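To keep things clear, I will list the structure first and then write my remarks on it.
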Amino acid sequence: MSSSPNKLNVHALLWQDRQLSVLDQRLLPDQVHYDIYATAPEVAEAIRSMRVRGAPAIGIAAAYAVALSVQQYFVADNVEWQYKVNADIKILAASRPTAVNLFWALAVMQEKLASLQDSPVDAMINTAIEIHQQDIAANQQMGEIGADILADAQGILTHCNAGALATGGYGTALGVIRSAYHRQARTVFAGETRPWLQGARLTVWELAKDNIPATLTADSAAAMLMRSGQVDWIIVGADRIAANGDVANKIGTYSLAVLAQYHGIKVMVVAPVSTIDFTIENGGQIEIEERAASELLPASYVQEGSLVNAWNPVFDVTPAELISVIVTERGAVFNPFEQGVRKLKNEY
Ligand code: MRU
């Protein structure tokens, strides 16, 4: 294979000169453009508008945003700055509801802030950098664990983008695909992922940058693809996993899992332990984000008085019973999940 499996050649987020550079993913694959942010509300807007997206990347961006806020407001001997930082944390928490990594990262940053006596700025920046570095390390570990499971797999279908662009680097589902591919070539299919086209605009672009050939399919071709016998694993990331193993991920994941069961194809979910929400029993408790109808509708329908509307939930919940294995950086948990997830919780 022509490039090293651990090479990071795509960066959604870069911390440089005490500011956060965010790759504007709305412009890919046509333009690679970074915006520089110095305040938390700007970062919250970048998350809301999907300049940065993907559960772990959202969490990391929010962690850096809290560090930016402390850097902006900290004044020794003055309590006012803490109110301002807390207000920024509330703005960040309201940016997107489904990915638990956002709330996890904010909690880590808040806990760190509460433990600091004075001079918090550098400590908060270092904590955000640590969250970022740990995510990359977790992805690389998951890559190896997942690749072991895929030893005999020939054809893989992924959905949305769970790659370097959606994480600190390397990727969750795409991390496994990278590691597996670099051991041995496989056929990789990516669903285009309507309506935002993460598969078409991001996943195949990112894989090509890593010299991994990928074949794009319309989402509606999934059943036909599975019946053709070219796929033996579906591999996806997750935005939130409940204690029973139900998985919230990009809309369309549930459909793929139903189809996979019918065709006898296995489903792998790849996510760091920070994506598991141990506080919820099942996927019914996960808030599913609904985005604007305008993201789905042709522009000519988006006008006052139009009789055409759209329903645009951007995640769905795949029941645990349709998932074969959940790969985390602390090991793989096979179906049934409850005991394995409980063990992860106890070790965490
Ligand atoms: O709406 P998005 O693009 O933020 O949704 C992203 C996904 O659903 C990913 O599959 C998920 O966050 C896992 S990313 C490692």
Side-chain angles (χ1 to χ4, degrees), residues 10 12-13 22-26 28 44 46-62 95-105 132 135-136 138-143 146 157-178 190-203 205-207 219 234-241 247-257 267-277 283 286-292 295-296 312-318 323 326-329:
V10 173
L13 301 164
V22 176
L23 175 61
D24 188 342
Q25 298 189 31
R26 302 170 314 168
L28 289 171
I47 294 171
R48 198 174 301 118
S49 59
M50 311 248 311
R51 286 168 170 84
V52 56
R53 33 67 49 200
I58 291 171
I60 296 162
S95 57
R96 290 189 77 188
T98 304
V100 76
N101 310 60
L102 169 68
F103 307 99
W104 171 86
H132 192 169
D135 186 67
I136 296 170
N139 290 338
Q140 289 171 339
Q141 283 160 345
M142 291 187 284
L157 169 64
T158 190
H159 186 58
C160 191
N161 171 268
L165 288 167
T167 62
Y170 201 65
T172 56
L174 282 198
V176 168
I177 291 170
R178 268 186 230 287
E192 61 179 349
T193 318
R194 284 190 173 268
W196 213 78
L197 300 177
Q198 286 92 335
R201 296 193 304 101
L202 310 180
T203 295
W205 176 80
E206 192 185 315
L207 288 172
D219 296 328
I234 311 290
I235 307 186
V236 293
D239 287 83
R240 197 183 291 231
I241 301 174
V247 168
N249 191 49
K250 179 53 53 194
I251 190 79
T253 304
Y254 177 30
S255 317
L256 290 179
V267 176
M268 177 187 288
V269 172
V270 189
V273 178
S274 54
T275 303
I276 304 177
D277 186 345
I286 299 173
E287 184 181 342
I288 298 295
E289 178 182 8
E290 288 187 23
R291 292 185 68 87
E295 288 187 354
L296 196 55
N312 189 19
V314 297
F315 300 100
D316 57 26
V317 174
T318 300
I323 298 163
I326 298 175
V327 171
T328 77
E329 73 278 28

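These values consider heavy atoms only, across backbone and side chains, with no hydrogens, waters or symmetry-generated copies. When a ligand or atom number is given, it counts from 1 through the structure's own listing order. This structure is a prediction, so every number in the text was calculated from the model and none was measured.
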Considering only heavy atoms of [X], which atoms of ligand 1 have at least one such atom less than 4.0 Å away?
X	result
Thr167	15 (C)
Gly54	4 (O), 6 (C), 12 (O)
Arg96	1 (O), 2 (P), 4 (O)
Gln198	1 (O), 2 (P), 3 (O)
Ala162	14 (S), 15 (C)
Ala55	12 (O), 14 (S)

Task: Expected output: side-chain Asn139 to main-chain Gly175 donor-acceptor under 3.5 Å - done: no

Open item on the list: Can you tell me which portion of Ala238 lies within the under-4.0 Å heavy-atom range of ligand 1? Options are side chain, backbone, both, or neither.
Closed with: backbone

Open item on the list: Just to be sure I read this right, does ligand 1 sit under 4.0 Å from the backbone of Phe315, its side chain, both, or neither, counting only heavy atoms?
Closed with: side chain

- [ ] Return the minimal non-hydrogen interatomic distance between Ala238 and Val247, and the atom names on each side.
- [x] CB-CG1, 3.7 Å

When you measure from [atom] to each heavy atom in [options], which option holds the nearest one?
atom	options	value
atom 14 (S) of ligand 1	Ala166, Ala57, Gly237, Gly171	Ala166
atom 7 (C) of ligand 1	Asn101, Asp239, Val236	Asp239
atom 1 (O) of ligand 1	Arg240, Arg291, Lys250, Met142	Lys250

TODO: Determine, for Arg96 against Glu287, whether the closest basic-nitrogen to carboxylate-oxygen distance falls under 4.0 angstrom.
DONE: no

Task: Ion pair Asp277/Arg240, N-O distance below 4.0 Å - done: yes

TODO: To the nearest 0.5 Å, tell me how far Trp104 CH2 sits from Ile58 CD1.
DONE: 14.0 Å

Task: Pair Leu102-Ser95, side chain to side chain contact (heavy atoms under 4.5 Å, CB included): steps then yes or no - done: CA-CA 9 Å; Leu102 169 68; Ser95 57; 3.7 Å; yes

Open item on the list: Which residues pass the ring pair (Phe, Tyr, Trp, His ring centres under 6.0 Å) test with His132, not counting sequence neighbours?
Closed with: Tyr64

Open item on the list: For atom 9 (C) of ligand 1, what is the closest protein heavy atom, and at what distance to 0.1 Å?
Closed with: Asn249 OD1, 3.5 Å

TODO: For atom 15 (C) of ligand 1, grab the closest protein heavy atom and report residue, atom and distance to one decimal in Å.
DONE: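 Checked against all protein heavy atoms, atom 15 (C) of ligand 1 sits closest to Thr172 OG1, 3.0 Å.
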
Open item on the list: Taking the side chain as everything from C-beta on, heavy atoms only, tell me whether Pro195 gets closer than 4.5 Å to Asn312.
Closed with: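 Yes, close enough: below the 4.5 Å cut-off.
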
- [ ] For residues Ile234 and Met268, determine if any side-chain heavy atom of one lies less than 4.5 Å from a side-chain heavy atom of the other.
- [x] no

Open item on the list: I'd like to know whether ligand 1 has Glu289 as a neighbour, heavy-atom separation below 4.0 Å.
Closed with: no

Task: Test item, Val314 contacting ligand 1 (heavy atom, 4.0 angstrom) - done: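 Not so, Val314 does not reach ligand 1.
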
- [ ] Tell me, yes or no, whether the heavy-atom count around Arg48 atom CZ, taken from other residues, nucleotides or ligands under 6.0 Å, exceeds 12.
- [x]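 Buried by this count: over 12 neighbours within 6.0 Å.
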
